[in-house]
Amino acid sequence: MQISVIGSGYVGTTLAAVLADAGHDLVNVDLDEEIVSQINDGVAPIFEPGLDELVAEHAGTQLRATTDYDDIADTDVTFLALPTPTDDEGKIDLAAMRAGSRSVGEILAEKDGDHLVVVKSTVVPTTTEEVVVPAVEEASGKTAGEGFDVAMNPEFLREGTAVYDCQEPDKIVLGVQDGAAGERALDTLHEVYEPILADHDASVVETGLREAEMIKYANNAFLAAKISLINELGNICKEYGVDAYEVADAIGLDHRIGPHFLRSGVGWGGSCFPKDVAAIIHAAREKGYAPELLEAAVAVNERQPQRLLGLLDTHTDVAGKRVAVLGLAFKPGTDDIRESRAIPVIEGLIERGADVVGYDPVATENMREHFPDIEYADSAAAALEGAHAALVTTDWDEFEALDGEFDAMADPVVIDGRRVIERRDGLTYEGITW
Ligand SMILES: NC(=O)C1=CN([C@@H]2O[C@H](COP(=O)(O)OP(=O)(O)OC[C@H]3O[C@@H](n4cnc5c(N)ncnc54)[C@H](O)[C@@H]3O)[C@@H](O)[C@H]2O)C=CC1
Ligand SMILES: O=C(O)[C@H]1O[C@H](OP(=O)(O)OP(=O)(O)OC[C@H]2O[C@@H](n3ccc(=O)[nH]c3=O)[C@H](O)[C@@H]2O)[C@H](O)[C@@H](O)[C@@H]1O
């Protein structure tokens, strides 16, 4: 099948590479020439385990990238994997979706035959019907359901395991319009996902457009709130000297709760939970509904880094002292630092007058752009050397193996926000919720 994907970011590149690997012919369109030439050179534009291999294998044959929207004319289906950030008030910014939809419409104006436009991006309910469809219609001069069809197919991949999640999803959600247009869209989408479903047993949910849009927000909001709830419970555990991880292990045995996403710590970050929870809160408020639980989930999340810093304050005054921050990525397995909990932690240390030294196995260069003036170490050992305290903000596996490295600290104080360091003799160790 001939498939185009607009946007070559985390979702677009992964989707394009995985669908190419599944046997389809892929065109990936992005405005960024550097990204496009990287893909055509067989190099993934982002750090994502397994992605480089797929891009290297299929670039030049089943996968090609371009800045030219004209190339989508020869494809049967176009996925929009464009950014949907939020503004300062939390409102979703649909500028890229509007621009991308218009560009697709301009090509469809000249195209004979069926074409399916699929919204892959995370968008608030009614966006597909009220923003994407009108933009494509206006630019193409065609009507949805007649000149082209439309679908909403949200993505649930996680950064760090994007390729795996895309190849082995729990579920595939297909949101379509009612009637014959919806049936046609479903047939096309089943053809797209047929090779993935042949190799892997995923649930397929067939639903409406705005239901599909809402399922994505409900998924992310539920997971973010689950972490905030375990963080809240963990904070209470800490007050009683109870280990929150022992409590989480026990409650996770109840199948209604489940064992996943119960790791309490310094909170959730990343490109999606913060923006998506903010966007659905804003959208709900615009509808006149006050989503108090979700707002509380955000408040707990904003408090966790301050609690980590507060614990540090109980052990030492860091003004003028070297303090190591271990882990800069928002989670392990990625170099993405967007909304990383390390950011408010570093800000708090700078406010306290500390000399901050950051270390991350892969995210240093990204954090250097955000904080150009702090020091960065090449290894955890180098960061710890001479430090008066260390704060752990990302649960990279390699931190578990740290041992003798703590001996080189000026003051062996470790405040762990991710439960990766083991207590040991000679170390003043404090966990955020244990
Ligand atoms: N990053 C993630 O883990 C996940 C993201 N999503 C959603 O998927 C969507 C895309 O997210 P990411 O891939 O993370 O974004 P990203 O920011 O990594 O990539 C977006 C790409 O679109 C390109 N672009 C912007 N405007 C364009 C235009 N008019 N035409 C062509 N290309 C254009 C940019 O140059 C960039 O390369 C968002 O709605 C996000 O919420 C959904 C699930 C997971
Ligand atoms: O919409 C999206 O972009 C994606 O957002 C999340 O994926 P991602 O942000 O890549 O990462 P997660 O593994 O969900 O972690 C998010 C944050 O929660 C934190 N977390 C996670 C789990 C946990 O138990 N505790 C915890 O603090 C992580 O450290 C990280 O900062 C969702 O898990 C994906 O399903 C979704 O597609």
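For the single chain, residues carry numbers from 1 onward in sequence order. The figures here come from the full heavy-atom set of this structure, side chains too, leaving out hydrogens, waters and symmetry mates. Order of listing sets the numbers, starting from 1, for every ligand and every atom in it.
Listed by number with element, the atoms of ligand 1 under 4.0 Å from a non-hydrogen atom of Lys275 are 40 (C), 41 (O). Here is the list of ligand 1 atoms found below 4.0 Å of a heavy atom in Ile35: 37 (O). Against a heavy-atom cut-off of under 4.0 Å, Leu31 is close to the following atoms of ligand 1: 26 (N), 27 (C), 28 (C), 29 (N), 30 (N), 31 (C), 32 (N), 33 (C). Of all atoms in ligand 1, numbered sequentially from 1 with element shown, those under 4.0 Å from a heavy atom of Ser271 are 1 (N). Close approach of ligand 1 to Leu157 (heavy-atom distance below 4.0 Å) involves ligand atoms 3 (O), 44 (C). In the vicinity of Tyr69, heavy-atom distances shorter than 4.0 Å reach the ligand 1 atoms 28 (C), 29 (N), 30 (N), 31 (C). For ligand 1, the atoms sitting less than 4.0 Å from at least one non-hydrogen atom of Gly9 are 13 (O), 16 (P), 18 (O), 19 (O), 21 (C), 37 (O), numbered in the order shown with element in parentheses. Remark: ligand 1 atoms within the under-4.0 Å shell around heavy atoms of Lys216 are 43 (C).
A tilted orientation is assigned to the rings of Trp434 and Tyr429, their planes being inclined by 30° to 60°.
Residue contacts with ligand 1, taken as heavy atom pairs separated by less than 4.0 Å, involve Cys272 solely via side-chain atoms from C-beta onward.
If you run side chain to side chain contact (heavy atoms under 4.5 Å, CB included) between Leu326 and each of Asp416, Thr394, Val414, Leu384, only Leu384 comes through. Of the candidates Ile172, Val192, Val119, Asn153 forms a side chain to side chain contact (heavy atoms under 4.5 Å, CB included) with just one, namely Ile172.
The backbone N or O of Thr143 lies less than 3.5 Å from no partner atom in the side chain of Glu137, so there is not a single donor-acceptor pair. Using a distance-only test at 3.5 Å, with no hydrogens or angles considered, no donor-acceptor pair links the side chain of Ser121 to the main chain of Pro83. At least one donor-acceptor pair under 3.5 Å links the side chain of Arg418 to the backbone N or O of Thr393. Listed for the Asn28 side chain is a donor-acceptor partner under 3.5 Å among the backbone atoms of Gly7.
For atom 15 (O) of ligand 1, the protein comes within 4.0 Å by no heavy atom at all.
Put simply, CD on Gln177 and CG on Asp149 are 7.0 Å apart, with the number rounded to the nearest 0.5 Å. One distance of note links CD1 of Ile196 with CG of Leu19; it measures 5.0 Å at 0.5 Å rounding.
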* To do: Quick one: do Asp243 and Arg419 satisfy salt bridge (Lys or Arg N to Asp or Glu O under 4.0 Å)? Show the steps, please.
  => CA-CA 11 Å; Asp243 181 342; Arg419 181 90 159 195; 2.8 Å; yes

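For Lys120, the closest heavy-atom approach to ligand 1 does not fall below 4.0 Å.
Under a 4.0 Å N-O distance rule, the pair Glu129/Arg210 qualifies as a salt bridge. The pair Asp313-Arg352 meets the salt-bridge criterion, with a side-chain N (NZ, NE, NH1 or NH2) lying under 4.0 Å from an Asp/Glu carboxylate O.
For a threshold of 3.5 Å applied to N or O pairs, the pair formed by Glu155 and ligand 1 contains no separation below that value.
Distance from atom 23 (C) of ligand 1 to its nearest protein heavy atom, with residue and atom name: Asp30 OD2, 3.1 Å.
For ligand 2, the protein residues placed under 4.0 Å by at least one non-hydrogen atom are Glu155, Phe156, Leu157, Arg158, Glu159, Lys216, Asn220, Ile227, Phe261, Leu262, Arg263, Gly267, Trp268, Gly269, Cys272, Phe273, Asp276, Phe330, Lys331, Arg418.
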